Protein chains: 2
Amino acid sequence: MKEIHVVVAENVKAYRKANKLSLDKVSELTGVSKTMLGQIERGDSIPTITTLWKIANGLKISFTSLIKELTNDVTIISKNDLLELPGNDGKYKVYPYFPFENDKQFEIYMVEIEPGGYLEADPHHEGTEEYITVFDGQLELTIVGQTYLLEKDHSIRFKANCKHAYYNPGNELTRLNMTINYPSM
Amino acid sequence: MKEIHVVVAENVKAYRKANKLSLDKVSELTGVSKTMLGQIERGDSIPTITTLWKIANGLKISFTSLIKELTNDVTIISKNDLLELPGNDGKYKVYPYFPFENDKQFEIYMVEIEPGGYLEADPHHEGTEEYITVFDGQLELTIVGQTYLLEKDHSIRFKANCKHAYYNPGNELTRLNMTINYPSM
DNA sequence: CTCCGTTGTATGTTATAATGCACAAAAATG
DNA sequence: CATTTTTGTGCATTATAACATACAACGGAG
């Protein structure tokens, strides 16, 4: 995961090379100084939003093409590779397989809850939704005082902008897939 | 046509008010100082790309929602409720827990593949990505002739705009979660 | 070949981004 | 009601973004 200004640097440089433009020419087109363009391309300086806007507009390219990181084609992750996020009682374990990244609007976790394990979650922002599929065991989900019991192979979708809690009421490990969708305003 | 930093100012402020967050809270979430957030919102300062990135990531909103000039409560699904989508050999079963809908950019399936089960998938649209987490068994995934073997508790992310195939090479049922992300155009 | 123009980088300067701290006003609490 | 906490803004400081200028190296023209 590169720093955003490094991503910008690579994208600006790539565009300039692809179109055989000098720093002078880009400076002319964009109204940003040649020196600053060099600094940006070398990652020596972090441009303001206005400077970037000038570059995008001057070159007539989309803003997002400047900030978009080329993703690896294939990424493989094992649970062993992950740093387990702390639940509050040691019986609730969260594995962040695909954490939130700015170019997509969701994140994916695997969650394991031992019998009796419990977690109370703070409300997410307005419009956020959770999708949970139970692969093993049972899950008792409480949303604003309303309790839902999910068996194996059950799934649930709910708005996550209110207080909610997860609990394993059974006597075997609960394993579930959790996808959290954030609204794109 | 407003200056870009004024647009950003309005969007940050609107988001914060809509979610009833204080400057302090946003500062906490984003790692940007309270003072700077105030400056940004009042249009008194032009943030660097990094500062804006911190804001977008900290609030888990899309970057473009910051630069752009300005939804049913609970659904429960059981596998039994679903019409199983046909695989091509009876050994590959797809359960569409949350099919694609216009207000979000992804869909979620549970997939079960019996030993020896196989499915060849047509390419999705350009930019489409798949995220697969193996909950049980093994999965052999072939993407443009390249083969990946996934064990239990492994996950993979790959571009789904090319021919790919799923195969269970083991001797037990493979169960996996599949999330398909479509590009936001 | 020499000379000139172009290119990208280094340097120094100025303006401002980003922060920590202080504080008045508003809101919350008892 | 009085007191405490929270909130957003102002001020001073530090680091750095953005610029103008200088210049070495390179490429092209004659």
Side-chain angles (χ1 to χ4, degrees), chain A residues 2-61 63-67 69 102 122-123 125-126 161-163, chain B residues 2-61 63-67 70:
Chain A
K2 293 172 191 165
E3 286 203 35
I4 182 67
H5 77 283
V6 175
V7 175
V8 168
E10 290 172 354
N11 286 336
V12 172
K13 192 165 187 178
Y15 178 88
R16 192 169 65 83
K17 299 293 186 189
N19 290 276
K20 299 177 166 52
L21 299 170
S22 66
L23 286 174
D24 236 3
K25 187 67 188 177
V26 175
S27 175
E28 222 178 275
L29 291 170
T30 61
V32 176
S33 72
K34 181 172 66 164
T35 312
M36 188 56 193
L37 288 166
Q39 285 170 208
I40 293 171
E41 286 193 3
R42 295 192 299 280
D44 288 349
S45 196
I46 303 177
T48 62
I49 191 74
T50 299
T51 299
L52 263 197
W53 192 253
K54 284 180 177 173
I55 293 175
N57 276 21
L59 297 180
K60 297 191 200 287
I61 57 181
F63 196 88
T64 55
S65 68
L66 289 181
I67 62 175
E69 183 174 7
N102 215 271
D122 289 330
H125 300 309
E126 189 69 36
N161 60 345
C162 39
K163 227 165 156 60
Chain B
K2 295 172 192 169
E3 286 206 60
I4 183 67
H5 77 284
V6 174
V7 176
V8 168
E10 291 172 353
N11 286 336
V12 172
K13 191 163 186 177
Y15 180 87
R16 190 169 68 82
K17 299 294 185 188
N19 290 276
K20 298 178 167 54
L21 299 169
S22 65
L23 287 172
D24 235 5
K25 188 67 189 177
V26 175
S27 176
E28 222 178 275
L29 291 171
T30 61
V32 175
S33 72
K34 181 170 68 162
T35 312
M36 189 56 194
L37 288 167
Q39 285 171 208
I40 292 170
E41 285 195 1
R42 296 191 300 278
D44 288 349
S45 197
I46 302 178
T48 61
I49 192 73
T50 298
T51 300
L52 226 43
W53 191 255
K54 284 180 177 176
I55 294 175
N57 269 25
L59 297 181
K60 301 194 176 178
I61 56 180
F63 198 90
T64 54
S65 67
L66 287 182
I67 62 175
L70 288 252

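All of these numbers come straight from a predicted model, not from anything done at the bench. Note on naming: letters A, B, ... go to the chains in the order of the sequence lines (proteins, then strands), and numbering restarts at 1 for each one.
Residues satisfying the side chain to side chain contact (heavy atoms under 4.5 Å, CB included) criterion with A:E10, sequence neighbours excluded, are A:K2, A:V6. Not counting sequence neighbours, the partners of B:K25 by the salt bridge (charged side-chain N to carboxylate O under 4.0 Å, His left out) test are B:E28. Applying the side-chain hydrogen bond (donor to acceptor under 3.5 Å, both in side chains) rule to A:D24 yields no partners; only residues at least two apart in sequence or on another chain are considered. Shown here are the side-chain hydrogen bond (donor to acceptor under 3.5 Å, both in side chains) partners of A:N19, two or more places apart in sequence or in another chain: there are none. Residues satisfying the side chain to side chain contact (heavy atoms under 4.5 Å, CB included) criterion with B:N57, sequence neighbours excluded, are A:F100, A:N102, B:W53. Under the salt bridge (charged side-chain N to carboxylate O under 4.0 Å, His left out) criterion, A:K163 pairs with A:E120, not counting sequence neighbours. With sequence neighbours left out, the salt bridge (charged side-chain N to carboxylate O under 4.0 Å, His left out) criterion links A:E3 to no other residue.
Proximity of B:S45 to the phosphate of C:dT16: no side-chain N or O atom is located under 4.0 Å from OP1 or OP2. For the OP1/OP2 pair of D:dG8 and a distance below 4.0 Å, the side-chain nitrogens and oxygens of B:R16 include at least one atom meeting the criterion.
Applying a 4.0 Å cut-off to non-hydrogen atoms, the residues of residues 30-38 of chain A that approach DNA chain C are A:K34, A:T35, listed by residue number. Sorted by residue number, the members of residues 46-57 of chain B with any non-hydrogen atom under 4.0 Å from DNA chain C read B:I46, B:P47, B:T48, B:T51.
Between the CD atom of B:Q39 and the C1' atom of D:dA17 there is a distance of 15 Å, given to the nearest Å. With rounding to whole Å, A:D44 atom CG is found 16 Å from C:dG12 atom C1'. The NZ atom of B:K13 sits 15 Å away from the P atom of D:dT7 (whole-angstrom rounding).
Taking every heavy atom of both residues into account, A:S65 and A:N11 meet most closely at O-ND2, 3.3 Å.
Inter-axis angle, ends of the helix from C:dC1-D:dG30 to C:dG30-D:dC1, five pairs per end, rounded to 10 degrees: 30°.
For the salt bridge (charged side-chain N to carboxylate O under 4.0 Å, His left out) condition, no pair includes a residue of residues 45-57 of chain B, sequence neighbours left out.
If you check every strand for non-hydrogen atoms under 4.0 Å, B:E41 touches nothing.
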Please list each protein N or O that sits under 3.5 Å from an N or O in nucleotides 3-6 of chain C, with the distance.
none

